[in-house]
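No hydrogens, no waters, no symmetry mates; every other heavy atom, side chains included, goes into these values. Numbers restart at 1 for each chain; the letters A, B, ... are given by sequence-line order, proteins then strands.
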2 protein chains.
Amino acid sequence: MDDTVTTRRDRRKAGRTGCAVEATLSVIGGVWKPVLLFHLLEGKLRFNALCRLTPSATPRMITLQLRELEADGIINRIVYPEVPPKVEYELTELGRSLAPVLLSMRDWGQRLQMLESAA
Amino acid sequence: MDDTVTTRRDRRKAGRTGCAVEATLSVIGGVWKPVLLFHLLEGKLRFNALCRLTPSATPRMITLQLRELEADGIINRIVYPEVPPKVEYELTELGRSLAPVLLSMRDWGQRLQMLESAA
DNA sequence: CGGCATCCTTATAGATACTG
DNA sequence: CAGTATCTATAAGGATGCCG
């Protein structure tokens, strides 16, 4: 086996294709990740809280995205060993450093929503 | 045919699910859109130039993403009626207003790359 | 409560070949 | 040069049910 296929994707997965923006997207590139992280900016949240705040994503999707974020060192998963189970998610320091990105996204989205409601 | 399936997605497509971040993502949510837009921050670019700057995406993908961005009023497509054909893309004013988002993405990606190379 | 495993459907992305 | 069309493979995503 050699470089038969998936040349482009592999190069992307490998790391940088030349652009720092792609590095960022490889971490928060999922559709729901920025939304979840944005909600976590305000503090720790339980799984169910995240589900309620992101009703357009299924619990399954939210789980998967959270796992990836955890693997990338963006969030911590805190399990409280009690019954009924309780799990909270919080941003790591690296995750909190995403605040400028997330806040600028929110700001732009707000402007867009204003433009749309005006039209 | 009625509201059988895709309930969640439909609600998302419909507009806002409650969060401005989602509004932003509905416009630049694609994996390649932020990269393309970031490159266009520096000025007009031809199709081939965008392909060269984004080697991990296929020309087909780039075409599709550019079309969506055009439909959302983020970029202009300028066709020069000459042979050989020449098409340039440039940000609209709305597109340029994304600069803070794109630049914060680049900044964070640069920090990430530094952390990775240090590790 | 907070998941995870499974199954299944749909959407997406890639390769390739062709056109104005 | 700047795409478009088609076809196929893969993966994303949803529904459901079970478990700690």
Check your understanding: Hey, is the main chain of B:Arg106 close enough, under 3.5 Å, to the side chain of A:Thr24 for a donor-acceptor pair?
Key -> no
Review point. In whole angstroms, how far is the P atom of D:dC1 from the OH atom of B:Tyr80?
Key: 16 Å
**Study point:** Reported CZ-to-CG distance for the pair A:Phe38 and B:Leu25, which is rounded to 0.5 angstrom
**Key:** 11.0 Å
Review point. From B:Leu115 CG over to B:Gln110 CD, what is the distance, rounded to the nearest 0.5 angstrom?
Key: 12.0 Å
Review point. Looking for any heavy atom pair under 4.0 Å, which part of the strands does A:Pro84 touch: base, sugar-phosphate only, or nothing?
Key: sugar-phosphate
**Study point:** Qualifying residues under side chain to side chain contact (heavy atoms under 4.5 Å, CB included), relative to A:Asn76, sequence neighbours excluded
**Key:** A:Glu90, A:Thr92
Practice item. Not counting sequence neighbours, which residues clear side chain to side chain donor-acceptor pair (under 3.5 Å) with A:Ser97? List them please. Key: B:Trp108, B:Arg111
Check your understanding: Roughly, in whole Å, what's the span from CD in A:Gln65 to C1' in D:dG14?
Key -> 14 Å
Review point. Taking atom P of C:dC1 as reference, at what distance in whole Å does atom CG of A:Leu50 sit?
Key: 15 Å
Practice item. Check whether any side-chain N or O of B:Thr58 sits under 4.0 Å from OP1 or OP2 of C:dG14, and answer yes or no. Key: yes
Check your understanding: Want to settle it: does A:Leu64 or A:Pro85 sit nearer the 5' end of DNA chain C, counting the closest nucleotide to each?
Key -> A:Pro85
Study note, to complete from the structure: To the nearest angstrom, the CD1-P distance between A:Ile62 and D:dA15 comes to 13 Å
Review point. Given atom CG of A:Leu45 and atom P of C:dG3, what is their separation to the nearest angstrom?
Key: 13 Å
Review point. Would you say the side-chain atoms of A:Arg96 pair up with the backbone N or O of A:Leu91, donor to acceptor, closer than 3.5 Å?
Key: yes
I'd like a list of close polar pairs between nucleotides 3-5 of chain D and the protein, N/O only, cut-off under 3.5 Å.
| from | atom 1 | to | atom 2 | distance (Å) |
| --- | --- | --- | --- | --- |
| D:dG3 | OP1 | B:Arg67 | NH2 | 2.9 |
| D:dG3 | OP1 | B:Arg77 | NE | 3.2 |
| D:dG3 | OP1 | B:Arg77 | NH2 | 2.8 |
| D:dG3 | OP1 | B:Tyr89 | OH | 3.2 |
| D:dG3 | OP2 | B:Tyr89 | OH | 2.6 |
| D:dT4 | OP1 | B:Arg67 | NH1 | 2.6 |
| D:dT4 | OP2 | B:Arg67 | NH1 | 3.3 |

Exercise for review: Can you tell me the distance, in whole Å, between the NZ atom of A:Lys33 and the C1' atom of D:dA12?
Suggested key: 13 Å
Point to revise | Interatomic distance, A:Met61 CE vs D:dA15 C1' [rounded to whole Å] | key: 12 Å
Point to revise | Distance, rounded to the nearest Å, where B:Glu88 contributes CD and D:dC1 contributes P | key: 14 Å
Revision key, fill the gap. Value for CD1 (A:Ile28) from CG (A:Leu98), rounded to nearest 0.5 Å, stands at 5.5 Å
